[in-house]
Amino acid sequence: MLNQDIFSVGAIAGLAIAIVFTWRILRSAPQRRQPKRQPNVASSSSVTSQPNALVIPSSAPVSLEDSRARNVVDDFFQPVKPTLAQIVRQKLCEGRKVTCRLIGIVLEETSPEELQKKATVRSSVLEILLEITKFCDLYFMERVLDDESEKRVLLALEEAGIFTSGGLIKDKVLFCSTETGRTSFVRQLEPDWHIDTNPEIILQLARFIKYQLLISTNRPERIAPNVFSSISLENFFGCT
């Protein structure tokens, strides 16, 4: 009986020691902590939703090869500058017949009286006129006071090389003695465009001609919706 009591006490004591030992082990073991949740940061397209994505800061250095490649790409996608032929066709709205006064537009002289002394072709308009003759039926017209002025104008045009392109011949240079005569020429030819320096003639023809260009240094107000204005023929076609 005594031996059973001693065994019972020893068993209880062993169980108590085991419990205490187990409790100490559990207490000393490291506890797992929950990872802190990262706050949501509103950002631009530089922040990606993929957890393993690599974000490169904007200040990262760019290699010489990358810089050259980028320049090549930028140059490739630069807008191509249109040629004069393309500009002329676009400005004239694909018109097929053009009538144009000479004084103050093609010639440096500004009055019929000056033509009695000399006639000088503006060199800055030659390339434009040659482009117009490539796809347009071009007619020149002017008021002159005598036959000598007419010969002088034709000689100046010939020496400038306007008749050598094949698009313009001397028969398409018309002369008259009055401003009304020039208006009649335009009405008869029925061009898609008429170019003049006289606002009165431009106004008279506005109802009959599809488009007109008034050359004037005064930059007048627009006479009609189908009438454009410019300080020179070169300026209208962007050649200044």
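In this chain, residues are counted from 1 in sequence order.
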**OP:** Could you grab the distance from atom CG of L130 to atom CG of L168, nearest 0.5 Å is fine?
**Re:** 9.0 Å
**OP:** Please tell me if the side chains of I103 and T197 come closer than 4.5 Å, counting only heavy atoms from C-beta onward.
**Re:** no
Original post:
Taking side chain as C-beta onward, heavy atoms only, is L213 less than 4.5 Å from L233?
Top reply: yes
Subject >> Interatomic distance, L174 atom CG to E150 atom CD [nearest 0.5 angstrom] >> reply: 9.5 Å
Subject >> Same cluster (ILVMFWY, side-chain, under 4.5 Å), L92 and F140 >> reply: yes
Subject >> side-chain contact (heavy atoms from CB on, under 4.5 Å) between L157 and V106, worked out >> reply: CA-CA 9 Å; L157 294 174; V106 178; 4.2 Å; yes
Original post:
Mind checking whether I231 and I215 have side chains closer than 4.5 Å, heavy atoms only?
Top reply: no
Original post:
More than 12 non-hydrogen atoms from neighbouring residues, nucleotides or ligands closer than 6.0 Å to CD on E108, yes or no?
Top reply: yes
Original post:
When rounded to the nearest 0.5 angstrom, what distance separates CG in N226 from NE2 in H194?
Top reply: 12.5 Å
Subject >> Approximate separation, where rounding is to 0.5 Å, of E109 CD and R122 CZ >> reply: 10.5 Å
**OP:** For T180, check side chain to side chain donor-acceptor pair (under 3.5 Å) against everything at least two apart and list the hits.
**Re:** none
Original post:
Roughly how far, to the nearest 0.5 Å, is the CG atom of L102 from the CG atom of L154?
Top reply: 9.0 Å
Original post:
In Å, rounded to the nearest 0.5 Å, how long is the span from CG of L115 to OG1 of T120?
Top reply: 9.0 Å
Subject >> Residue list, side-chain contact (heavy atoms from CB on, under 4.5 Å) with Q204, at least two apart or on another chain >> reply: T183
Subject >> Other residues, nucleotides, ligands: >12 heavy atoms within 6.0 Å of R187 CZ >> reply: no
Original post:
Among all residues two or more places apart in sequence or in another chain, which pass the salt bridge (Lys or Arg N to Asp or Glu O under 4.0 Å) test with E190?
Top reply: none
Subject >> Linked, directly or transitively: I195 and L84 (ILVMFWY side chains, under 4.5 Å) >> reply: yes
Original post:
Stepwise, does the side-chain contact (heavy atoms from CB on, under 4.5 Å) test hold for N198 with R182?
Top reply: CA-CA 11 Å; N198 190 329; R182 189 163 76 253; 3.9 Å; yes
Original post:
Taking all atoms of both residues into account, what is the closest heavy-atom pair of G95 and C136, and its distance?
Top reply: O-SG, 2.9 Å
Original post:
Partners of F185 by ring pair (Phe, Tyr, Trp, His ring centres under 6.0 Å), sequence neighbours excluded?
Top reply: none
Subject >> Residue pairs involving residues 134-144 (criterion side chain to side chain donor-acceptor pair (under 3.5 Å); sequence neighbours excluded) >> reply: R101-E142, E131-K134, D137-Y139, D137-K172, R143-E179
Subject >> Partners meeting side chain to side chain donor-acceptor pair (under 3.5 Å) with S230 (sequence neighbours left out) >> reply: N235
Subject >> Joint cluster assignment, V173 & L189, ILVMFWY side-chain distance < 4.5 Å >> reply: no
**OP:** Using side chain to side chain donor-acceptor pair (under 3.5 Å) as the criterion, list what pairs up with Q188, not counting sequence neighbours.
**Re:** none
Original post:
Where do V121 and A156 come nearest, in terms of heavy atoms and distance?
Top reply: CG2-O, 3.5 Å
Subject >> Residue list, ring pair (Phe, Tyr, Trp, His ring centres under 6.0 Å) with F175, at least two apart or on another chain >> reply: none
Original post:
Do the side chains of V186 and L214 join up, straight or via other hydrophobic residues, at under 4.5 Å, putting them in one cluster?
Top reply: no
Original post:
So, D146 versus Q116: side-chain donor-acceptor pair below 3.5 Å or not?
Top reply: yes
Subject >> Heavy atoms from other residues, nucleotides or ligands near OH of Y211 exceed 12 (cutoff 6.0 Å) >> reply: no
Original post:
Are I209 and F236 grouped together when hydrophobic residues (ILVMFWY) are joined by side-chain heavy atoms under 4.5 angstrom apart?
Top reply: no
Subject >> Residue list, salt bridge (Lys or Arg N to Asp or Glu O under 4.0 Å) with E94, at least two apart or on another chain >> reply: R89
Original post:
By salt bridge (Lys or Arg N to Asp or Glu O under 4.0 Å), which residues pair with K170, not counting sequence neighbours?
Top reply: E158
Subject >> Sequence-distant partners of S177, side chain to side chain donor-acceptor pair (under 3.5 Å), two or more places apart >> reply: none
Original post:
When you look at V98 and D192, which way does the side-chain contact (heavy atoms from CB on, under 4.5 Å) test go after all the steps?
Top reply: CA-CA 6 Å; V98 178; D192 299 300; over 6 Å; no
**OP:** Would you list the pairs meeting salt bridge (charged side-chain N to carboxylate O under 4.0 Å, His left out) in which at least one residue belongs to residues 204-214, sequence neighbours left out?
**Re:** none
